[in-house]
Amino acid sequence: MRYLTFALTKGRLADKTLSMLEKAGITCEEMKDKDSRKLIFVNEELKLRFFLAKGPDVPTYVEYGAADIGIVGKDTILEEGRKLYEVMDLGFGACRMCVCGPESARPLLSSNQLIRVATKYPNIAKDYFYNKKHQTVEIIKLNGSIELAPIVGLSEVIVDIVETGSTLRENGLKVLEEVCPLSARMVVNQVSMKMENERISKLIEDLRKVI
Ligand code: PRP
């Protein structure tokens, strides 16, 4: 039996991912050691391998087959647009992709004006403004602290993740429109899904029972 490899997302989703896997009896003790610099972990008994990667890299590992399975946010799946199967909504990491800004920017969203939109998710923002709203906008790619953009005058609005809403509140910004709901998903390499169908289907079934 060959190893099935999981690419897991570092950061916010990591703890919830590990506890979900644990509940389903898929454990990897080594991975819990936060001081370890080891990159890849093995469960010999179940013939599983795990590694943690940056979110946007997870769909890349899965598309190329370097990982059979990935656990990653829907935001990243939409943004990266990789060829893979999205097989299950895991429920955790629930949040929303939204257009946000100061209340004063609201009329700009219905007047078809050329506005600037700052975001870490240029593909999601383009799809929303060009294909759904049919509004031509200038997209400005940022890498974090997106809420700064409308405050310092870089853009009129942002497209960003809203979870509790406290970052917006503390910075005088509001949700102006909702783009889509988000949560963690399980994704599978298209060839692995065929070649390892039995094992992967069993894994999906086991995880479905605990989520
Ligand atoms: C995310 C997102 C918002 C914030 C939303 O940023 O980009 O800034 O969390 O959460 P809230 O609604 O609960 O306040 P993250 O902390 O991942 O860091 P980043 O700004 O570097 O992207």
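Numbering of ligands and ligand atoms starts at 1, following listing order. What you see is a predicted model; the values in this text were computed from it and never measured. All residue numbers refer to positions in the sequence shown, counting from 1.
The single protein non-hydrogen atom nearest to atom 5 (C) of ligand 1 is Ile161 O, 3.4 Å, given as residue, atom name and distance. The protein atom (non-hydrogen) at minimum distance from atom 1 (C) of ligand 1 is Arg12 NH2, 3.9 Å.
A salt bridge is absent between Lys23 and Asp206; no separation between the charged side-chain nitrogens and carboxylate oxygens falls under 4.0 Å. Taking 4.0 Å as the cut-off between side-chain N and carboxylate O, Lys120 and Asp160 do not count as a salt-bridged pair.
Near Thr164, meaning under 4.0 Å from any of its heavy atoms, are these atoms of ligand 1: 11 (P), 12 (O), 13 (O), 14 (O). Within ligand 1, counting atoms from 1 as listed, the ones closer than 4.0 Å to a heavy atom of Lys120 are 19 (P), 22 (O). If you number the atoms of ligand 1 from 1 as listed, the ones under 4.0 Å from a heavy atom of Thr167 come out as 4 (C), 5 (C), 10 (O), 11 (P), 14 (O). Atoms of ligand 1 found under 4.0 Å from any heavy atom of Glu147 (numbered from 1 in listed order, with element): 3 (C), 8 (O). Residue Ser166 has at least one heavy-atom neighbour below 4.0 Å for each of these atoms of ligand 1: 12 (O), 14 (O). Distances below 4.0 Å separate heavy atoms of Ser145 from the following atoms of ligand 1: 19 (P), 20 (O), 21 (O).
Residue Arg169 places every heavy atom at 4.0 Å or more from ligand 1.
Checked by atom type, the side-chain pair Asn123/Glu79 shows a donor-acceptor distance below 3.5 Å. A donor atom on one side chain and an acceptor atom on the other are not found under 3.5 Å apart for Gln135 and Tyr130. For Arg116 and Ser155, the side-chain atoms include no donor-acceptor pair closer than 3.5 Å.
In this structure, Glu45 places its CD atom where only 12 or fewer heavy-atom neighbours from other residues, nucleotides or ligands lie under 6.0 Å away.
Looking at Gly165 next to ligand 1, an N or O pair under 3.5 Å apart turns up.
Atom-to-atom distance recorded for Asp68:CG and Ile200:CD1 is 5.5 Å, nearest 0.5 angstrom.
Protein heavy atoms all stay at least 4.0 Å away from atom 18 (O) of ligand 1.
Contacts between Asp160 and ligand 1 below 4.0 angstrom, taking non-hydrogen atoms only, involve the side chain exclusively.
Within the 4.5 Å cutoff, side-chain heavy atoms of Val187 are placed close to those of Val72.
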